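These notes concern the structure reproduced below.
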Number of protein chains: 2
Amino acid sequence: MRKSDRTREAILDAARAMFAEHGYQGTTVRSIAERASIDPSMIIRYFGGKDGLFSLVSKVELGLPKIDPARPGPFGEMLVRHFLDLWEGSGQDMGLVILLRAASTNEAAAERVRTIFREQVLPAAAQLGDPETVETRAGLVVSQLFGFALCRYILAIPPVAAMSRDDIVEYLAPAVELHLFGDGHSNVR
Amino acid sequence: MRKSDRTREAILDAARAMFAEHGYQGTTVRSIAERASIDPSMIIRYFGGKDGLFSLVSKVELGLPKIDPARPGPFGEMLVRHFLDLWEGSGQDMGLVILLRAASTNEAAAERVRTIFREQVLPAAAQLGDPETVETRAGLVVSQLFGFALCRYILAIPPVAAMSRDDIVEYLAPAVELHLFGDGHSNVR
DNA sequence: GGCGTATGTCAACGCTTGTTGACTTTTGCC
DNA sequence: GGCAAAAGTCAACAAGCGTTGACATACGCC
C-alpha cells in the first residue's frame, strides 16, 4: 500500500510535467513512464490508460472568490492575481496550463474548458453588472486572461513571458475591469 | 502539367482545412489524402512530406497597415477589423488559425509565431507611443487579440463564438487601445 | 517462517503513423 | 501514332503508439 502510493505520485508528477509541456497528443505513455522511472504498464494499471490519467491531472478548480457587488473593490487586480496564482501554481496543479495546451488539439479538453466557463466562470460573474450581458462580459474577460496565459506560458512570446508579476497586474487589471463593467472606468480605481 | 496543378491545389485545400480543425499532430497525411481524394504518396511527392506541407499552409502575412503617428485615428477599431479579416479569411489563407492551433503542441509552430511577432508586429507597433515600452504594449495587444481568437475559433466558448462582428469591434477596440497607448483614453474616440 | 496478495517486469499484440519504391496509367509533343 | 515523361496507384516498410497478459518479485500479516 505504501510503495504503490509513491509510484502513483511519481506517475502523476511526470504526467503533469509532460502534458503541460507537450500537450495531450505530444505526450506518450512511454515518455511519462520513463520520466517517472516506472513501467508503462503501471500507468494502465493505476489509471486505466492515457485518457484516465489525463482526466485526473487536467481537473481544474478555479476557486473564484465570491464577490459582493454592494461592496466595490479592485476586482480587476484581485482577479488577475488570482489567475496568476492558478497559472504558476506551486509545483502541483498545473491543471490550467495542461488543459489550455491540450484544448487546442483535443476536443475533449476543449469541451472541458467550455464546461468550466459555464459552471465556474458564469456563476461567479453573474453577481456583477447587467445580467443581460453577463455572458458576453465574462467571455471577454476570459479571452483576455487566457490570451495572456497563451502568450506567456505556451507561446512564450519574449516580452510577455518576461513581464514581472506586478507589471502584469498593473497592465491587465484595467483591461479586465474594462471588459467586466462595460465602460472605461472601474468602480473604485 | 495541368492535372498536377489541380491535385496540388486539392491537397493544399484539404490540408488547410484539416490542420485548422485538428492541429498538426491531430492531422494525418492519410486524412488529408482522403479529403483531397488522392493517394497519400502524392503529398510526399509534391510537398516533401507532412512538414513541408504544413510549412506552406501555415505561412502568415499579417499585412499590418503602416500608421502615421502624426495622424491620429481609430487605431483600435482598424486593428480589430484587420484581424477579423485575417481570422475569417475567405476560404484561402486560414494561416493564422492553423498556426495558432498548432502552436500549442508544436514547437516549430510556436517558434514561427514568435518570429511573426518579432518581424511583423514589433515593427508596426514601433511607430506608436513611447519606444521604451513598445515590446510590452505590443505583447499586451497580441495577448488580447490571440486570446479572443483562441476563445472564438478554437475553444468555441459559446458567447464569444456567437458575438457579431460589430460587437467584437465595439468591445475589443477600446481594450486594444488601452493596451496600445498605456492609458485609458484613445487619441481620437 | 510461510503464504497470499500487492507490486513490478517483460515481451508482445494489433494498430496507426510517415514514408518509400516499384509499378501502371495518362499526358503532351514530334 | 508512337514514345518519353509526367501523374497516379498500390503494397509494403520501419517505427512508434496504447494496451495486454503472463510471469517474477517483494511485501505484510497470521
Side-chain angles (χ1 to χ4, degrees), chain A residues 1-58 98-99 101-109 112, chain B residues 1-58 98-99 101-109 112:
Chain A
M1 279 292 193
R2 206 41 165 267
K3 185 82 176 303
S4 74
D5 282 359
R6 248 188 303 146
T7 68
R8 280 180 76 101
E9 211 60 43
I11 292 175
L12 285 173
D13 285 347
R16 270 187 269 261
M18 294 300 293
F19 281 133
E21 197 166 349
H22 301 105
Y24 180 80
Q25 344 209 14
T27 299
T28 70
V29 171
R30 286 173 162 87
S31 70
I32 297 174
E34 188 182 15
R35 188 182 181 115
S37 303
I38 47 94
D39 191 272
S41 65
M42 299 273 86
I43 291 176
I44 275 81
R45 168 124 63 173
Y46 284 139
F47 301 99
K50 189 185 179 182
D51 288 344
L53 180 55
F54 180 78
S55 285
L56 266 184
V57 296
S58 66
I98 293 173
L99 196 58
R101 185 155 233 154
S104 288
T105 38
N106 184 306
E107 178 51 28
R112 182 174 289 206
Chain B
M1 278 288 191
R2 206 40 166 266
K3 186 81 176 302
S4 75
D5 283 358
R6 249 189 301 147
T7 69
R8 280 178 78 101
E9 210 60 43
I11 292 175
L12 285 173
D13 285 347
R16 271 188 269 259
M18 295 299 293
F19 281 133
E21 197 167 350
H22 302 105
Y24 180 80
Q25 343 209 15
T27 299
T28 69
V29 171
R30 284 173 164 85
S31 71
I32 297 174
E34 187 181 16
R35 189 181 180 116
S37 303
I38 48 95
D39 190 90
S41 65
M42 299 273 84
I43 292 176
I44 276 80
R45 168 125 59 166
Y46 284 140
F47 301 98
K50 188 184 180 183
D51 288 343
L53 180 54
F54 180 78
S55 284
L56 265 185
V57 296
S58 68
I98 293 173
L99 197 58
R101 186 155 232 152
S104 287
T105 38
N106 184 307
E107 178 52 28
R112 181 174 290 207

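These numbers were taken from a predicted model, which means no experiment stands behind them.
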Discussion item. Is A:Ser41 close enough to C:dC10 that one of its side-chain N or O atoms is under 4.0 Å from OP1 or OP2 there?
Written reply: no
Fill in: d(CD, A:Glu34; P, D:dG16) in whole Å
12 Å
Discussion item. Rounded to whole Å, please give me the gap between CD1 in A:Ile44 and C1' in C:dA12.
Written reply: 14 Å
Worksheet item: Between C:dT26 atom P and B:Arg6 atom CZ, what is the distance in whole Å?
Response: 14 Å
Worksheet entry | Partner of B:Ser58 by side-chain hydrogen bond (donor to acceptor under 3.5 Å, both in side chains), out of B:Arg16, B:Arg112, B:Arg101 | B:Arg112
Worksheet item: Mind checking whether A:Asp5 and A:Arg8 have side chains closer than 4.5 Å, heavy atoms only?
Response: yes
Worksheet item: Is A:Ile32 close to A:Ile38 at the side-chain level, that is, under 4.5 Å between some pair of heavy atoms?
Response: no
Worksheet item: OP1 or OP2 of D:dC17 less than 4.0 angstrom from a side-chain nitrogen or oxygen of A:Thr28, does that happen here?
Response: yes
Discussion item. If you apply the rule side-chain contact (heavy atoms from CB on, under 4.5 Å), what do you find for A:Ile11 with A:Met42, and how did you get there?
Written reply: CA-CA 9 Å; A:Ile11 292 175; A:Met42 299 273 86; 4.3 Å; yes
Worksheet item: To the nearest angstrom, how far is A:Ile32 atom CD1 from D:dG16 atom P?
Response: 18 Å
Worksheet item: At under 4.0 Å between heavy atoms, what does A:Thr27 touch on the DNA or RNA strands: base, sugar-phosphate, or nothing?
Response: sugar-phosphate
Practice prompt. Mind calculating the distance between CD1 (B:Ile11) and C1' (C:dG18) to the nearest angstrom?
Written response: 15 Å
Worksheet item: Considering only side-chain heavy atoms of B:Arg45, which listed nucleotide, C:dT9, D:dT20, D:dG8, is closest?
Response: D:dG8
Discussion item. Using the side-chain heavy atoms of A:Asp39, tell me which of these nucleotides is nearest: C:dT19, C:dT9, D:dT9.
Written reply: C:dT9
Worksheet item: For the pair made of CG in B:Asp5 and P in D:dA7, what is the distance, rounded to whole Å?
Response: 8 Å
Worksheet item: Given atom CD1 of B:Ile38 and atom P of D:dC10, what is their separation to the nearest angstrom?
Response: 13 Å
Practice prompt. Indicate the ring-plane relationship of B:Phe54 and B:Tyr24, choosing parallel, tilted or perpendicular according to the 30° and 60° boundaries.
Written response: perpendicular
Practice prompt. Please tell me which of the listed nucleotides, C:dT19, D:dT19, C:dT9, lies nearest to the side chain of B:Pro40?
Written response: C:dT19
Discussion item. Between the base of D:dG16 and the side chain of A:Arg30, is one N or O donor paired with an acceptor at under 3.5 angstrom?
Written reply: no
Worksheet entry | Distance in angstrom units between B:Phe47 CZ and C:dT20 P, rounded | 16 Å
